[in-house]
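Heads up, the thing below is written out as structure tokens.
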Amino acid sequence: MYKYFPHTESDLKEMLQTVGVDTLDNLYDDIPEHLRFRGDYELPEAMSEVEVRRLFEQLGDQNRQLVCFAGAGVYDHYTPAVIPNLLSRSEFLTSYTPYQAEISQGTLHYIFEYQSMMAALTGMDVSNASMYDGTTATAEAMMMAVAAGKKQHRVLMSDTVDEKTQAVVREYAHFHGVDIVALPAMDGVTSRESLEAQLAEGGVAGVIVQQPNRYGIIEDYTGFADSCHAQKALFIMNSVAFDLALLKTPGEWGADIAVGDGQSLGIPMQFGGPYVGYMCCTEKLIRKMPGRIVGMTHDIPQSPSGAVGGTRCFVLTLQAREQHIRRQKATSNICSNQSLMALFVTVYLSLMGKQGLREAAQLSYDGAHYLCEQLVATGHFCLAYDQPFFNEFCVRYDGDVDALQQRWLDAGFFGGIKVADDTLMLAVTEKRTKEEIDQLIKVI
């Protein structure tokens, strides 16, 4: 009956007796009957390669390819065509887990390069070998702050942080006994007065902000780090990785921990994932950082056999052992990473280079401001916040937002995200052309 299961009937009987049930079906007694699937799975018969390809082409044809003017954490950036080919090289794609350095030099090498590039991009001292995504990276930073603060269990989080990230942080905090206190927004930016008042009350382990924030606004965080450090709190900044090509880095703002999502570094939107979270910090916090860090060294100059050594090589330098042997004492139980996506980011950054990344970021900035000007010029839109923005912004519309978005959809555009009854948030990347923007305006 279960031809792919190695257990014998006696094995199954013994296991069922151990857990105190009579049959395998009894394991699911707690699931209501109306939630159980009793039908047959809709699986096709065996197919040839040609038939399988045809099937997936037909499934793919059901997707509408829209011109994307939406963002909110996921952006339609250009992916250089060479990346998939480089990702499939055997030393990267099939090399073994980095626990065995001698047979995983490909993986260790690109993780080292990834760390180097992310540390440079964020202006921080060190980077780990990546996280699952930007939201969980922010939650891990929250727990890092609490671990570093010892008896301090309050973390302040700005309301201008993306609501999805806020939800994940609060979920982590609930099960770790951390009190999350909201910092209200004033005219779309974090309230400095509220920050100072909350810090003065004491017991704050960390402060979480976002740059650009959830409304696309570039916030001025001058003095935030000093205020945090005066109260022995860590300053945590979540940023869209791509935007740091032109914006002031978290390191320049005085951040202790920099986190965010790396999807903007060329990873396709691909229906929501997989993406990659990054985490960088100051050297002082390196032993509180979850995950792993890869380092570079050289092998023995000359082996006993006489073989010439001294070759550059890579090793797994640091990871908190508590993640494996004392889990109850661990800051985090993150033992894995998004390694393939980290490789994707590494190849993208190496291909684009510093200048290429800056040019793409400038195109995104210019396109967003051109779109904003054209929308306002119609007389039907106004900026929701009179604040500087990068490649994403919120506008208020004097008509029916839902009807407008439907007209855009009918014309082949994903026209932003509705964030309020009268407000849309739109994003522009280097992929959007002037002709596409002009056509979007014509639909109005």
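Computed from a prediction, not measured in an experiment: that's the story for all the values here. Numbering starts at 1 and runs along the sequence shown.
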Identify all side-chain donor-acceptor contacts of residues 269-276 below 3.5 Å with residues at least two apart in sequence or on another chain.
unit_1: Gln270; atom_1: NE2; unit_2: Pro274; atom_2: O; d: 3.1
unit_1: Tyr275; atom_1: OH; unit_2: Met269; atom_2: O; d: 2.5

[Y] side chain reached by [X] side chain, heavy atoms, under 4.5 Å:
X      : Y      : result
Gln115 : Val294 : yes
Ile217 : Pro212 : no
Glu392 : Leu426 : no
Val347 : Leu86  : yes
Thr311 : His298 : no
Met157 : Leu183 : no
Phe390 : Leu246 : yes
Ser239 : Pro250 : yes

Distance-only donor-acceptor hits, side chain of residues 253-263, under 3.5 Å, sequence neighbours excluded:
unit_1: Asp256; atom_1: OD1; unit_2: His229; atom_2: NE2; d: 3.2
unit_1: Asp256; atom_1: OD2; unit_2: His229; atom_2: NE2; d: 2.7
unit_1: Asp256; atom_1: OD2; unit_2: Phe235; atom_2: N; d: 2.7
unit_1: Asp261; atom_1: OD1; unit_2: Gln263; atom_2: N; d: 2.9
unit_1: Asp261; atom_1: OD2; unit_2: Gly134; atom_2: N; d: 2.9
unit_1: Gln263; atom_1: OE1; unit_2: Tyr75; atom_2: N; d: 2.9
unit_1: Gln263; atom_1: NE2; unit_2: Tyr75; atom_2: O; d: 2.8
unit_1: Gln263; atom_1: NE2; unit_2: Ile267; atom_2: O; d: 2.8

Assess the residue pair Glu219 and Thr190 against the criterion (side chain to side chain donor-acceptor pair (under 3.5 Å)); give the C-alpha distance rounded to whole Å, side-chain angles, the decisive distance to 0.1 Å, and a yes or no. CA-CA 8 Å; Glu219 293 202 39; Thr190 309; 3.0 Å; yes
Looking at residues at least two apart in the chain, or sitting in another chain, which of them share a side-chain contact (heavy atoms from CB on, under 4.5 Å) with Thr165?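 Per chain and number, Thr165 pairs via side-chain contact (heavy atoms from CB on, under 4.5 Å) with Thr135, Thr138, Val161, Asp162, Val169, Asn238.
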Partner residues of Ala167 under the side-chain contact (heavy atoms from CB on, under 4.5 Å) criterion, sequence neighbours left out: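 Result, side-chain contact (heavy atoms from CB on, under 4.5 Å) vs Ala167: none returned.
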Salt bridge (charged side-chain N to carboxylate O under 4.0 Å, His left out) against [X], all qualifying residues, sequence neighbours excluded:
X      : result
Arg312 : none
Asp402 : Lys418
Glu49  : Arg53

What pairs meet the ring-ring contact (aromatic ring centres under 6.0 Å, His included) rule with one or both residues in residues 406-431, with sequence neighbours excluded?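 Residue pairs with at least one partner in residues 406-431: there are none.
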How long is the span from the [atom1] atom in [X] to the [atom2] atom in [Y], to the nearest 0.5 Å?
X      : Y      : atom1 : atom2 : answer
Leu316 : Phe112 : CG    : CZ    : 13.0 Å
Cys280 : Asp125 : SG    : CG    : 9.5 Å
Gln387 : Asp220 : CD    : CG    : 10.0 Å
Cys228 : Leu195 : SG    : CG    : 5.5 Å
Met118 : Met279 : CE    : CE    : 12.0 Å
Met425 : Thr423 : CE    : OG1   : 10.5 Å

Ignoring hydrogens, what is the shortest heavy-atom contact between [X] and [Y]? Give both atom names and the distance.
X      : Y      : answer
Leu351 : Ile83  : CD1-CG1, 3.8 Å
Ile293 : Ser127 : CG1-O, 3.9 Å
Asp159 : Ala182 : OD1-CB, 3.6 Å
Met143 : Tyr172 : CE-CD2, 3.7 Å
Asn128 : Met289 : CB-SD, 3.2 Å
Asn391 : Ser364 : CB-O, 3.7 Å

Checking Cys313 against Met296 for the side-chain contact (heavy atoms from CB on, under 4.5 Å) test, could you report, in this order, the C-alpha distance in whole Å, the side-chain angles of both residues, the deciding distance, and whether it holds? CA-CA 6 Å; Cys313 56; Met296 182 182 71; over 6 Å; no
Tell me whether [X] contacts the main-chain N or O of [Y] through its side chain, where contact means a donor paired with an acceptor under 3.5 Å.
X      : Y      : result
Glu252 : Gly123 : no
Thr79  : Gly266 : yes
Asn213 : Thr160 : no
Lys248 : Tyr221 : no
Arg396 : Ala384 : yes
Thr8   : Asp11  : yes
Ser158 : Val209 : no

Neighbour count >12 (heavy atoms, 6.0 Å) for atom CD, Glu171: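 No, the 6.0 Å shell around CD holds no more than 12 heavy atoms from other groups.
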Near Tyr41 OH, under 6.0 Å, is it more than 12 heavy atoms from other residues, nucleotides or ligands?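 Atom OH in Tyr41 is not packed in, count stays at 12 or less.
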Start with the C-alpha distance between Ser339 and Tyr110, add both sets of side-chain angles, then the distance that settles side chain to side chain donor-acceptor pair (under 3.5 Å), and finish with yes or no. CA-CA 9 Å; Ser339 192; Tyr110 76 68; 2.4 Å; yes
Is there any salt bridge (Lys or Arg N to Asp or Glu O under 4.0 Å) pair reaching into residues 74-84, and which pairs are they, with sequence neighbours excluded?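 Salt bridge (Lys or Arg N to Asp or Glu O under 4.0 Å) check on residues 74-84 returns Asp76-Lys431, Asp76-Arg432.
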Under 3.5 Å, which donor-acceptor pairs link side chains of residues 57-69 to any protein atom two or more places apart or in another chain?
unit_1: Arg64; atom_1: NH1; unit_2: Leu409; atom_2: O; d: 3.1
unit_1: Arg64; atom_1: NH2; unit_2: Leu409; atom_2: O; d: 2.9

Excluding sequence neighbours, so at least two apart, what forms side chain to side chain donor-acceptor pair (under 3.5 Å) with Gln406?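 Gln406: side chain to side chain donor-acceptor pair (under 3.5 Å) contacts with Asp410.
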Going by atom types alone, do Glu113 and Ser116 pair a side-chain donor with an acceptor below 3.5 Å? no
With Val181, which of Val155, Leu156, Val207 fulfils side-chain contact (heavy atoms from CB on, under 4.5 Å)?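 Only one of Val155, Leu156, Val207 forms a side-chain contact (heavy atoms from CB on, under 4.5 Å) with Val181, namely Leu156.
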What residue among Ile236, Leu234, Val126 forms side-chain contact (heavy atoms from CB on, under 4.5 Å) with Cys281? Val126
Can I get a per-line list of side-chain donor-acceptor pairs under 3.5 Å for residues 368-375, giving both atom names and the distance, sequence neighbours left out?
unit_1: His369; atom_1: ND1; unit_2: Tyr365; atom_2: O; d: 2.8
unit_1: His369; atom_1: NE2; unit_2: Phe389; atom_2: O; d: 3.4
unit_1: Tyr370; atom_1: OH; unit_2: Asp438; atom_2: OD1; d: 2.7

